[in-house]
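Letters go in sequence order (proteins before strands), and every chain restarts at 1.
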2 protein chains.
Amino acid sequence: MEETIRCDHMDETLIKQMMETLPGDEPISRMSAVFQALQSETRLRILFLLTNKDMCVCELNYALDVTQSAVSHSLRTLRQLDLVRGKKEGRYAIYHIADDHVRLLIEMCRQHVTEEHK
Amino acid sequence: MEETIRCDHMDETLIKQMMETLPGDEPISRMSAVFQALQSETRLRILFLLTNKDMCVCELNYALDVTQSAVSHSLRTLRQLDLVRGKKEGRYAIYHIADDHVRLLIEMCRQHVTEEHK
DNA sequence: CATATACATGAACAGATGTTCATATATTCA
DNA sequence: TGAATATATGAACATCTGTTCATGTATATG
(Lines give C-alpha, C1' and ligand atoms only; values in the text may rest on other atoms or scores of the structure.)
Protein backbone atom coordinates (compact mmCIF):
# COMPACT_ATOMS: atom_id res chain seq x y z
CA MET A 1 0.00 0.00 0.00
CA GLU A 2 1.50 3.31 1.08
CA GLU A 3 5.24 3.08 1.17
CA THR A 4 6.32 5.86 3.45
CA ILE A 5 4.58 7.66 6.30
CA ARG A 6 5.42 11.09 7.65
CA CYS A 7 4.03 11.34 11.13
CA ASP A 8 2.99 14.67 12.62
CA HIS A 9 5.53 15.12 15.38
CA MET A 10 8.54 14.17 13.30
CA ASP A 11 11.44 16.62 13.09
CA GLU A 12 12.45 15.93 9.52
CA THR A 13 15.73 17.82 9.75
CA LEU A 14 16.78 16.00 12.89
CA ILE A 15 16.05 12.61 11.35
CA LYS A 16 18.08 13.52 8.29
CA GLN A 17 21.01 14.31 10.58
CA MET A 18 20.63 10.87 12.18
CA MET A 19 20.63 9.26 8.75
CA GLU A 20 24.01 10.76 8.06
CA THR A 21 25.50 9.10 11.14
CA LEU A 22 24.56 5.69 9.76
CA PRO A 23 27.48 3.54 8.60
CA GLY A 24 27.65 3.39 4.81
CA ASP A 25 26.33 0.54 2.70
CA GLU A 26 29.61 -1.32 2.64
CA PRO A 27 30.32 -1.41 6.40
CA ILE A 28 26.70 -2.38 6.97
CA SER A 29 27.01 -5.12 4.40
CA ARG A 30 30.16 -6.45 6.04
CA MET A 31 28.64 -6.37 9.49
CA SER A 32 25.66 -8.22 8.12
CA ALA A 33 28.00 -10.86 6.73
CA VAL A 34 29.79 -11.23 10.07
CA PHE A 35 26.56 -11.66 12.03
CA GLN A 36 25.31 -13.96 9.31
CA ALA A 37 28.34 -16.15 9.91
CA LEU A 38 27.82 -16.09 13.67
CA GLN A 39 24.21 -17.12 13.24
CA SER A 40 25.00 -20.74 12.42
CA GLU A 41 24.94 -23.11 15.38
CA THR A 42 27.69 -25.20 13.85
CA ARG A 43 29.93 -22.17 13.33
CA LEU A 44 29.19 -20.95 16.85
CA ARG A 45 30.21 -24.31 18.28
CA ILE A 46 33.38 -24.24 16.21
CA LEU A 47 34.25 -20.81 17.62
CA PHE A 48 33.60 -21.93 21.19
CA LEU A 49 35.81 -24.97 20.69
CA LEU A 50 38.59 -22.86 19.20
CA THR A 51 38.31 -20.56 22.19
CA ASN A 52 39.85 -23.30 24.31
CA LYS A 53 42.41 -24.74 21.94
CA ASP A 54 43.61 -24.51 18.36
CA MET A 55 42.22 -27.48 16.48
CA CYS A 56 42.50 -29.24 13.15
CA VAL A 57 39.53 -30.02 10.96
CA CYS A 58 39.17 -33.63 11.98
CA GLU A 59 39.19 -32.76 15.67
CA LEU A 60 36.35 -30.34 15.05
CA ASN A 61 34.65 -32.97 12.94
CA TYR A 62 35.00 -35.46 15.79
CA ALA A 63 33.62 -33.00 18.34
CA LEU A 64 30.62 -31.90 16.31
CA ASP A 65 27.70 -33.81 14.87
CA VAL A 66 28.21 -32.80 11.24
CA THR A 67 30.22 -34.16 8.33
CA GLN A 68 33.80 -33.16 7.63
CA SER A 69 32.50 -31.39 4.55
CA ALA A 70 30.21 -29.22 6.65
CA VAL A 71 33.08 -28.36 9.00
CA SER A 72 35.28 -27.30 6.09
CA HIS A 73 32.52 -25.21 4.55
CA SER A 74 31.90 -23.55 7.91
CA LEU A 75 35.58 -22.84 8.39
CA ARG A 76 35.76 -21.30 4.95
CA THR A 77 32.99 -18.88 5.82
CA LEU A 78 34.66 -17.98 9.11
CA ARG A 79 38.03 -17.59 7.39
CA GLN A 80 36.70 -15.29 4.69
CA LEU A 81 35.39 -12.92 7.36
CA ASP A 82 38.61 -13.14 9.33
CA LEU A 83 36.87 -14.67 12.32
CA VAL A 84 39.26 -17.61 12.33
CA ARG A 85 42.65 -18.15 10.72
CA GLY A 86 44.25 -21.37 9.60
CA LYS A 87 47.77 -22.58 9.10
CA LYS A 88 48.86 -25.67 7.23
CA GLU A 89 50.99 -28.03 9.29
CA GLY A 90 51.94 -31.05 7.28
CA ARG A 91 48.70 -32.62 6.18
CA TYR A 92 46.76 -30.94 8.95
CA ALA A 93 45.06 -27.55 8.85
CA ILE A 94 45.15 -26.01 12.31
CA TYR A 95 42.61 -23.30 12.97
CA HIS A 96 42.52 -20.63 15.65
CA ILE A 97 40.35 -17.66 16.64
CA ALA A 98 41.42 -14.57 14.72
CA ASP A 99 41.60 -12.18 17.68
CA ASP A 100 40.11 -11.23 21.03
CA HIS A 101 37.49 -9.18 19.22
CA VAL A 102 35.83 -12.38 18.16
CA ARG A 103 36.06 -13.87 21.65
CA LEU A 104 34.36 -10.77 23.03
CA LEU A 105 31.60 -10.85 20.43
CA ILE A 106 30.49 -14.36 21.25
CA GLU A 107 31.09 -13.95 24.97
CA MET A 108 28.96 -10.80 25.03
CA CYS A 109 26.18 -12.55 23.19
CA ARG A 110 26.38 -15.49 25.55
CA GLN A 111 25.96 -13.13 28.47
CA HIS A 112 22.97 -11.51 26.79
CA VAL A 113 21.12 -14.79 26.33
CA THR A 114 22.14 -16.02 29.78
CA GLU A 115 21.20 -13.08 31.96
CA GLU A 116 17.73 -12.73 33.43
CA HIS A 117 15.41 -10.39 31.60
CA LYS A 118 15.09 -6.80 32.82
CA MET B 1 30.52 -40.38 2.19
CA GLU B 2 32.34 -41.00 5.41
CA GLU B 3 30.76 -39.10 8.25
CA THR B 4 33.43 -38.84 10.91
CA ILE B 5 37.20 -38.96 10.72
CA ARG B 6 39.56 -39.79 13.55
CA CYS B 7 42.93 -38.35 12.73
CA ASP B 8 46.09 -39.91 14.06
CA HIS B 9 47.40 -37.23 16.38
CA MET B 10 44.07 -36.58 18.07
CA ASP B 11 43.87 -36.80 21.87
CA GLU B 12 40.37 -38.19 22.15
CA THR B 13 40.07 -37.62 25.88
CA LEU B 14 41.17 -34.01 25.61
CA ILE B 15 38.66 -33.28 22.85
CA LYS B 16 35.89 -34.82 24.93
CA GLN B 17 36.77 -32.46 27.76
CA MET B 18 36.52 -29.53 25.34
CA MET B 19 33.11 -30.73 24.22
CA GLU B 20 31.88 -30.48 27.77
CA THR B 21 32.80 -26.82 27.97
CA LEU B 22 30.50 -26.06 25.02
CA PRO B 23 27.34 -24.12 25.90
CA GLY B 24 24.27 -26.35 25.83
CA ASP B 25 21.83 -26.58 22.96
CA GLU B 26 19.50 -23.92 24.31
CA PRO B 27 22.07 -21.16 24.89
CA ILE B 28 23.57 -21.92 21.47
CA SER B 29 20.13 -21.74 19.91
CA ARG B 30 19.42 -18.39 21.53
CA MET B 31 22.77 -16.97 20.50
CA SER B 32 22.07 -18.15 17.00
CA ALA B 33 18.75 -16.31 17.07
CA VAL B 34 20.39 -13.10 18.30
CA PHE B 35 23.05 -13.16 15.60
CA GLN B 36 20.38 -14.11 13.10
CA ALA B 37 18.51 -10.94 14.05
CA LEU B 38 21.67 -8.83 13.78
CA GLN B 39 22.37 -10.21 10.33
CA SER B 40 19.65 -8.18 8.61
CA GLU B 41 20.83 -4.88 7.12
CA THR B 42 17.50 -3.27 7.87
CA ARG B 43 17.60 -4.35 11.51
CA LEU B 44 21.22 -3.22 11.81
CA ARG B 45 20.30 0.21 10.48
CA ILE B 46 17.39 0.38 12.92
CA LEU B 47 19.75 -0.38 15.80
CA PHE B 48 22.25 2.24 14.70
CA LEU B 49 19.50 4.83 14.43
CA LEU B 50 18.17 3.95 17.87
CA THR B 51 21.69 4.30 19.22
CA ASN B 52 21.39 8.06 18.70
CA LYS B 53 17.80 8.66 19.67
CA ASP B 54 14.64 6.85 20.66
CA MET B 55 12.37 6.78 17.64
CA CYS B 56 8.83 5.87 16.64
CA VAL B 57 8.03 3.52 13.80
CA CYS B 58 7.25 6.19 11.25
CA GLU B 59 10.51 8.01 11.92
CA LEU B 60 12.37 4.76 11.26
CA ASN B 61 10.20 4.21 8.23
CA TYR B 62 11.09 7.68 6.98
CA ALA B 63 14.81 7.14 7.54
CA LEU B 64 15.00 3.72 5.90
CA ASP B 65 14.20 2.58 2.42
CA VAL B 66 11.67 -0.10 3.34
CA THR B 67 7.93 -0.16 3.95
CA GLN B 68 6.34 0.54 7.33
CA SER B 69 5.35 -3.11 7.38
CA ALA B 70 8.96 -4.19 7.06
CA VAL B 71 9.98 -1.85 9.88
CA SER B 72 7.32 -3.27 12.17
CA HIS B 73 8.28 -6.83 11.33
CA SER B 74 11.92 -6.01 12.00
CA LEU B 75 11.10 -4.36 15.31
CA ARG B 76 9.09 -7.39 16.33
CA THR B 77 12.08 -9.63 15.76
CA LEU B 78 14.35 -7.30 17.72
CA ARG B 79 11.79 -6.99 20.51
CA GLN B 80 11.37 -10.75 20.88
CA LEU B 81 15.11 -11.12 21.45
CA ASP B 82 15.17 -8.18 23.85
CA LEU B 83 17.48 -6.19 21.62
CA VAL B 84 15.08 -3.26 21.56
CA ARG B 85 12.15 -2.33 23.78
CA GLY B 86 9.08 -0.29 22.93
CA LYS B 87 6.66 1.81 24.86
CA LYS B 88 3.29 3.05 23.66
CA GLU B 89 2.88 6.82 23.85
CA GLY B 90 -0.48 7.86 22.55
CA ARG B 91 -0.72 6.56 19.08
CA TYR B 92 3.03 6.33 18.73
CA ALA B 93 5.25 3.37 19.58
CA ILE B 94 8.62 4.65 20.73
CA TYR B 95 11.48 2.20 20.54
CA HIS B 96 14.84 2.24 22.25
CA ILE B 97 17.93 0.03 22.49
CA ALA B 98 17.47 -2.56 25.23
CA ASP B 99 20.82 -2.04 26.97
CA ASP B 100 24.48 -1.19 26.51
CA HIS B 101 25.16 -4.83 25.78
CA VAL B 102 23.51 -4.36 22.42
CA ARG B 103 25.40 -1.16 21.73
CA LEU B 104 28.66 -2.96 22.43
CA LEU B 105 27.79 -5.88 20.20
CA ILE B 106 27.21 -3.76 17.13
CA GLU B 107 30.02 -1.36 17.95
CA MET B 108 32.46 -4.24 18.31
CA CYS B 109 31.37 -5.69 15.01
CA ARG B 110 31.71 -2.31 13.35
CA GLN B 111 35.28 -2.08 14.61
CA HIS B 112 36.00 -5.55 13.30
CA VAL B 113 34.86 -4.75 9.76
CA THR B 114 36.51 -1.32 9.85
CA GLU B 115 39.98 -2.17 11.06
CA GLU B 116 42.75 -3.10 8.64
CA HIS B 117 43.42 -6.79 8.31
CA LYS B 118 46.23 -8.37 10.32
C1' DC C 1 55.00 -45.56 -6.33
C1' DA C 2 50.72 -46.73 -4.32
C1' DT C 3 47.61 -46.15 -0.77
C1' DA C 4 45.63 -43.94 3.10
C1' DT C 5 44.74 -39.81 5.48
C1' DA C 6 43.37 -34.87 5.88
C1' DC C 7 41.16 -31.27 3.90
C1' DA C 8 38.65 -28.47 0.27
C1' DT C 9 35.04 -27.56 -2.96
C1' DG C 10 31.12 -27.77 -6.44
C1' DA C 11 26.33 -29.22 -7.01
C1' DA C 12 21.88 -29.77 -5.41
C1' DC C 13 18.07 -29.83 -2.47
C1' DA C 14 15.27 -28.85 1.63
C1' DG C 15 14.33 -25.44 4.85
C1' DA C 16 14.45 -20.76 6.49
C1' DT C 17 14.12 -15.58 5.80
C1' DG C 18 12.82 -10.72 4.45
C1' DT C 19 10.12 -8.20 1.90
C1' DT C 20 5.73 -6.51 0.04
C1' DC C 21 0.78 -6.61 -0.16
C1' DA C 22 -3.45 -6.62 2.12
C1' DT C 23 -5.75 -5.86 6.04
C1' DA C 24 -6.74 -5.33 11.00
C1' DT C 25 -6.42 -2.66 15.36
C1' DA C 26 -5.84 1.36 18.12
C1' DT C 27 -5.57 6.21 19.03
C1' DT C 28 -6.53 11.02 18.01
C1' DC C 29 -9.14 14.78 16.38
C1' DA C 30 -12.72 17.29 14.02
C1' DT D 1 -19.11 9.31 15.44
C1' DG D 2 -16.37 9.25 11.47
C1' DA D 3 -12.09 9.96 9.27
C1' DA D 4 -7.21 10.11 9.45
C1' DT D 5 -2.98 8.63 11.45
C1' DA D 6 0.17 5.13 13.48
C1' DT D 7 1.28 0.54 14.14
C1' DA D 8 0.82 -4.57 13.88
C1' DT D 9 0.26 -8.89 11.59
C1' DG D 10 -0.90 -12.83 8.33
C1' DA D 11 0.01 -14.63 3.73
C1' DA D 12 2.78 -15.45 -0.09
C1' DC D 13 6.67 -15.46 -2.87
C1' DA D 14 11.40 -15.00 -4.34
C1' DT D 15 15.84 -15.43 -2.46
C1' DC D 16 19.28 -17.15 0.35
C1' DT D 17 21.60 -20.78 3.46
C1' DG D 18 23.46 -25.07 5.42
C1' DT D 19 23.85 -29.49 4.85
C1' DT D 20 25.06 -33.81 2.47
C1' DC D 21 26.89 -36.19 -1.44
C1' DA D 22 30.39 -36.74 -4.64
C1' DT D 23 34.75 -35.83 -5.87
C1' DG D 24 39.24 -33.42 -6.18
C1' DT D 25 43.84 -32.20 -4.19
C1' DA D 26 47.70 -32.52 -1.22
C1' DT D 27 50.60 -34.66 2.16
C1' DA D 28 52.48 -38.64 4.43
C1' DT D 29 53.84 -43.36 4.84
C1' DG D 30 54.83 -48.10 3.80
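- The distance from atom CE of Met55(A) to atom P of dC7(C) is 13 Å, rounded to the nearest whole Å.
- Every residue two or more places apart in sequence or in another chain that forms a salt bridge (Lys or Arg N to Asp or Glu O under 4.0 Å) with Arg91(B) is listed here: Asp8(A).
- Toward the 5′ end of DNA chain D lies the nearest nucleotide of Arg79(B), the other residue of the pair Arg79(B) and Ala70(A) mapping further downstream.
- Sulfur-sulfur distance for Cys7(A) and Cys56(B): not below 2.5 Å, with no disulfide indicated.
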Which atoms of nucleotides 10-15 of chain D (N or O only) lie under 3.5 Å from a protein N or O atom, and what are those distances?
residue, atom, partner, partner atom, Å
dG10(D), O6, His73(B), NE2, 3.0

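- Of the candidates dA8(C), dT20(D), dT9(D), the closest approach to any side-chain atom of Ser72(B) belongs to dT9(D).
- Glu20(B) meets the side-chain contact (heavy atoms from CB on, under 4.5 Å) test with no other residue; sequence neighbours excluded.
- Residue Leu78(A) contributes atom CG, which lies 12 Å from atom P of dA8(C) at whole-angstrom precision.
- Shown here are the ring pair (Phe, Tyr, Trp, His ring centres under 6.0 Å) partners of Phe48(A), two or more places apart in sequence or in another chain: there are none.
- Rounded to whole Å, atom P of dG18(C) lies 12 Å from atom CD of Gln80(B).
- In this structure, Leu75(B) atom CG and dG18(C) atom P are separated by 13 Å, rounded to whole Å.
- The stretch residues 24-37 of chain A participates, sequence neighbours left out, in these side chain to side chain donor-acceptor pair (under 3.5 Å) pairs: Asp25(A)-Arg45(B), Glu26(A)-Arg30(A).
- One interatomic measurement links the two molecules: NZ of Lys87(A) to C1' of dA26(D), which rounds to 19 Å at whole-angstrom precision.
- Qualifying salt bridge (Lys or Arg N to Asp or Glu O under 4.0 Å) partners for Arg76(A), counting only residues two or more places apart in sequence or in other chains: none.
- Listed pair Ser74(A) / dT19(D) meets the phosphate criterion, a side-chain N or O lying under 4.0 Å from OP1 or OP2.
- Looking at residues 21-54 of chain B, you'll see Gln36(B), Gln39(B), Ser40(B), Thr42(B), Arg43(B) sit with a heavy atom under 4.0 Å from some atom of DNA chain C.
- In this structure, His112(B) and His101(A) have perpendicular ring planes: the angle between them is above 60°, well past the 30° mark.
- Under the side-chain hydrogen bond (donor to acceptor under 3.5 Å, both in side chains) criterion, Asp99(B) pairs with no residue at all, not counting sequence neighbours.
- Residues that satisfy the salt bridge (Lys or Arg N to Asp or Glu O under 4.0 Å) test with Lys53(B), not counting sequence neighbours, are Glu59(B).
- Of the residues in residues 88-98 of chain A, those placing a heavy atom less than 4.0 Å from an atom of DNA chain C are Arg91(A), Tyr92(A), Ala93(A), Tyr95(A), in numerical order.
- Not counting sequence neighbours, the partners of Asp100(A) by the salt bridge (Lys or Arg N to Asp or Glu O under 4.0 Å) test are Arg103(A).
- Regarding contacts with the backbone of dT20(D), a side-chain N or O of Thr67(A) is found under 4.0 angstrom from either OP1 or OP2.
- For Asp11(B), the side-chain hydrogen bond (donor to acceptor under 3.5 Å, both in side chains) test picks out no residue, with sequence neighbours left out.
- Under 3.5 Å, the side chain of Gln68(A) and the base of dA6(C) form no donor-acceptor pair of N or O atoms.
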